[in-house]
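Before any comments, here is the structure.
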Amino acid sequence: MTTTTKNKLVNTEKLPDCWQTLEDCLNAGVTRVILFGPPGTGKTYAGIKHGDVSRGAHRLICTEDMTNLDVTGAFMPSHDGKFMWVAGSALKAWHGDGTQGARLVVDEIDKAGGDVFATLLAMLDSEESASWQNPDTGETHTPKEGFSAVMTTNIEDVNELPEALKDRFPIAIRINQPHPDALKRLSHDLRAVAIALADAGDQRISLRTFMEFDKLRATLGDEKASKYIFGRRAEGILDAMKINAVGSST
Amino acid sequence: MTKPKNRETKFPEPHFISRNDRPVGRWTVEECAPKRGVAHSNNVERRIVAPTGNSKLERLIRAHELMHTKISPADDYEKWIKRGIASHQSMVAVEELRVNYGLKLQGFDVAELLDGNEDADGEYVAIHNQWDSAVIFAVATAGTGGAKRFLVGVRRHNKLWADSLATIQKRFLKEIKKDTSRASNGVYSTRVENESGLAPRGFQWTERMAEYLDRLCKNEPKPIEAKTAKKDTEGEADEEGDVVSSVGPQSESSTPEEEVEDITRLSPLSSKGDNEDWGKLIWGKVPLTKTVQGNLGRKRISSNLGRNPRRIHRLYTDPQRRIFDRVKRAQGGIVLVDGSGSMQLTHANIIQILESAPGALVAIYSDMDRGRGKLPNIHIVAKDGKTVANEKGLPEVGAGNGVDYPALKWAVGQRKNHRTPLIWVTDGGVCTPTGGLNDRLTMSCIKESIDSKVLVVEDVEEAVNALKKLHMRQEVTRNWPVYFSQLIRKVGGVQKIQKIQTARSESN
C-alpha cells in the first residue's frame with residue numbers, strides 16, 4: 001500500500017477515539033506522549049511509525065536489569081582491542097540526522113530500575129533543561145530540535161506512574177483497541193471480536209493471538225485451531241462463534 | 001459457592017459476540033447455579049451471569065445467555081415496551097422462544113434444556129387455574145425439553161389446557177420456522193430499523209408474536225358446553241353492537257363474533273411490511289377567514305329562568321312553564337379527516353363535513369410527497385368557529401396517508417376533556433409514507449381508537465350523519481371500516497383488545 005493510499009484510508013475512515021487523539025496530538029506538534037493500556041494493541045508500533053519519524057525512531061525496552069548503556073551509551077571493546085564510545089538509544093534520538101532530532105520510543109517504562117529511570121528523566125527533560133556530558137570527550141550534548149519521545153506501558157491507571165515522569169509527559173492516552181490498519185490483516189469476522197477482546201480484562205486475547213488463530217484455522221478448521229490456540233477456553237469460544245454467526249446474512 | 005476441587009470452570013465468552021446496533025465493549029462475567037431464572041444477561045450493563053460447570057445443561061444455559069447478548073434488545077428495550085404493541089411479559093416469553101430456536105439453528109440440542117421442575121410448574125398453573133401463566137410458560141419453553149414436561153404436569157389436572165397449549169407451542173414453532181426459512185428473513189437481524197430507529201430489527205418478530213401471545217392469554221379454552229352456556233347468558237349484551245355515546249364514554253359492549261372464537265381461530269398479525277413506520281407530522285397552514293355559526297355539541301334548552309322569553313308557547317304546554325332559553329355548554333369536538341386518495345374525497349365533501357361540524361376543530365391529513373418531508377401533510381381547516389373561505393382555500397390532498405397514527409395521536413391530545421367527541425373519518429386503509437400497509441400499524445390505530453374512544457366512520461355520508469347525531473346529542477354507533485373490522489375479527493374482537501389494553505395498563 002502506498003503512503004498516498006494509506007493516507008487516504010486514514011482520512012476517509014473514522015479512527016477509534018484513542019487513535020484519533022494520538023493522531024491529533026502528533027499532528028499538532030506534541031513531542032511527549034505516553035501510551036498506556038492493554039498489551040497487543042499496537043502502542044509500540046504507533047510510537048515507531050506515527051507522526052514525524054522521517055529521521056528514524058530509536059527503541060528502548062526497559063527491564064529491571066538494564067543499564068544506562070542502552071540509554072546514553074558506554075565504552076565498548078572494539079575489534080582492534082581498544083575501547084570506544086558507543087552511543088545509546090536516547091543519545092542517538094537526540095542527535096537524529098545531525099541537524100534535527102529523531103524519535104525515542106521507551107517501552108515498559110514502569111519496569112525500569114532506579115538508575116536508568118533517573119537517567120531517562122534527565123534525557124526526557126524539556127529541551128532547555130536537558131543536557132548530558134560525554135565522559136570521554138567532555139562534550140555536552142543537548143536534544144536537537146524535532147526530538148520527540150513516546151513512552152508505552154501496560155499499566156491500567158496512568159496515575160501509577162511517578163509524578164516526575166507524568167510531568168514530563170503531560171499527554172497520556174489509553175489505547176484500548178488495535179489500530180484499524182493492523183486489524184485489516186485479520187479476517188473480517190474476527191475484527192470486531194479482536195477489538196472487544198483487546199480490552200477485556202482477565203478475558204483478554206491479543207491481536208497477535210487472533211492473527212495466529214486466523215492463520216491456523218485456514219488449514220485446520222475452527223475446532224482444531226481453537227483448541228490449539230485457546231486451550232480450555234476453546235469450547236466456550238467455539239460456542240460463542242457459532243452464536244455470533246446467527247443472522248449474519250441479515 | 002463451594003466448588004469441587006480441580007473442577008474445570010468454563011465461562012461464557014460474550015466478547016466474541018458482535019452486533020450491528022451497538023459497539024463492542026468490556027463484559028463482566030459472573031457465575032451462578034444452573035437453575036431456571038438464575039442465569040441472566042444484561043445487555044445494557046454488559047453483564048452475564050451463567051453457570052460454569054461442564055454438564056450439557058450448563059453449556060446450554062451459557063449458550064442461551066450468549067444468544068440473548070447477541071439478539072435481544074439493549075438500550076432500546078424501554079422504547080419497545082413503550083410502543084405498546086405487546087406486553088412486557090409476553091415479549092420476554094417470545095424472546096425466550098426466539099433465543100432457543102436460534103440455538104437450535106446453530107446446532108445446539110435444546111431438547112436438553114430443562115431443569116426438572118417443569119412438570120411441577122405445569123401442575124401448579126393448572127391447579128390454580130392460571131391460564132395466562134400457562135400460555136406464557138408454554139411459549140417461553142417451546143421446543144425445549146422443558147416444554148414437554150410442563151405439558152405433562154398440566155395434563156395431570158387439565159387435559160383441555162394441555163391440548164391447547166400443545167397447539168399453541170406448535171403454532172409458534174411453525175411461525176418461526178416459516179419466517180426463518182425465508183432467504184432474507186430478519187428474525188435474527190441486529191441492525192437498527194430504518195423507519196422506527198429501534199434496534200435490533202429482529203425483535204420486531206418477537207413483538208409481533210408477543211401481541212399474538214397477549215391475545216392467547218385472554219382466550220382461555222372452555223369446554224363446548226360451557227362456551228355455549230356462556231353465549232346464551234351473554235347473548236343479549238352481544239346484540240347491542242359497538243355504540244359510542246355522543247357525550248359520555250362509549251359503551252364497553254363487544255362484537256358478536258368474539259364470544260365463539262377458539263384458539264385455533266386466532267392467528268398472529270401479518271409480518272408483511274414489518275420494517276415500515278409512520279411519517280412525521282408536517283404542519284401546513286391555510287387561512288381560516290370565514291366565521292361559522294354554532295358549535296358541535298352545543299344546544300339551547302328550555303329553562304324557567306331567563307331574561308328573554310323565546311319559548312312563550314310553553315306557558316300553556318309546559319307544566320313547568322319553561323319559556324326561557326338556556327345554552328348548554330358545548331363539548332367542543334374534533335374531526336380528523338383522512339384525505340388520502342383511497343377516500344376519494346372531493347372538495348365538496350370536505351365542505352360538507354365542515355358545514356356539519358360548525359365550530360369544531362377539523363384537520364385533514366394526506367402525505368403528498370411519499371414521505372420526502374418537503375410538503376406539509378396535515379392542515380387545520382376549521383378552528384374556533386372559523387374555517388376556510390371557500391373550496392379554493394382548502395389544502396391539496398388526495399395522495400397517500402403516511403401519518404394516520406401520528407395525526408390520530410395529535411387529535412386525541414387536542415381534547416379538552418375525555419368527553420369531547422372525536423370523529424375520525426377514514427376508510428381504514430392506513431399506510432406509511434412509502435405505501436406500506438401492515439397489521440401492526442393498523443392495530444396501533446385500532447388500539448388508539450378503542451383506548452381514546454374515537455368514533456371511526458368510513459365515509460363522508462356516515463361522517464355527516466354522525467356529526468348531525470352528535471349535534472342533536474344522540475347516540476352514535478361505531479361501524480369499523482372494512483379494513484379495520486377484518487383485522488379486529490382476526491385478533492379476537494374489540495372486547496379482547498380492550499381486555500388486553502386494560503390488563504397492560506394495570507400492570508404498568
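- Summarising the local packing, CD of B:Glu30 is surrounded by more than 12 heavy atoms from other residues, nucleotides or ligands at distances under 6.0 Å.
- Not a single donor-acceptor pair under 3.5 Å links the side chain of A:Asp239 to the backbone N or O of B:Ala63.
- Atoms CZ and CD1, on B:Phe16 and A:Ile237 in that order, are 3.5 Å from each other to the nearest 0.5 Å.
- For the atom pair CG (B:Leu66) and NZ (A:Lys242), the distance works out to 12.0 Å, reported to the nearest 0.5 Å.
- Taking a 6.0 Å sphere around CG of A:Asn27, one finds it holds more than 12 heavy atoms contributed by other residues, nucleotides or ligands.
- The number of heavy-atom neighbours closer than 6.0 Å to CG of A:Asp189, taken from other residues, nucleotides and ligands shown, is above 12.
- No more than 12 heavy atoms of other residues, nucleotides or ligands sit less than 6.0 Å from atom NZ of B:Lys170.
- Among residues 29-37 of chain A, no residue has any heavy atom closer than 4.5 Å to a heavy atom of chain B.
- Comparing B:Met67, B:Arg62, B:Arg19 by heavy-atom pairs within less than 4.5 Å of chain A, the highest count is held by B:Met67.
- Of residues 194-205 of chain A, those residues lying under 4.5 Å from chain B by any heavy-atom pair are A:Ile195, A:Ala196, A:Leu197, A:Asp199, A:Ala200, A:Gly201, A:Gln203, A:Ile205.
- Take B:Phe108 and apply the ring-ring contact (aromatic ring centres under 6.0 Å, His included) test, not counting sequence neighbours, and it matches no residue.
- The contact list for residues 148-156 of chain A toward chain B, using heavy atoms and a distance under 4.5 Å, reads A:Glu156 by residue number.
- Of all heavy-atom pairs between B:Ile17 and A:Asn244, the closest is CA-OD1, 3.5 Å.
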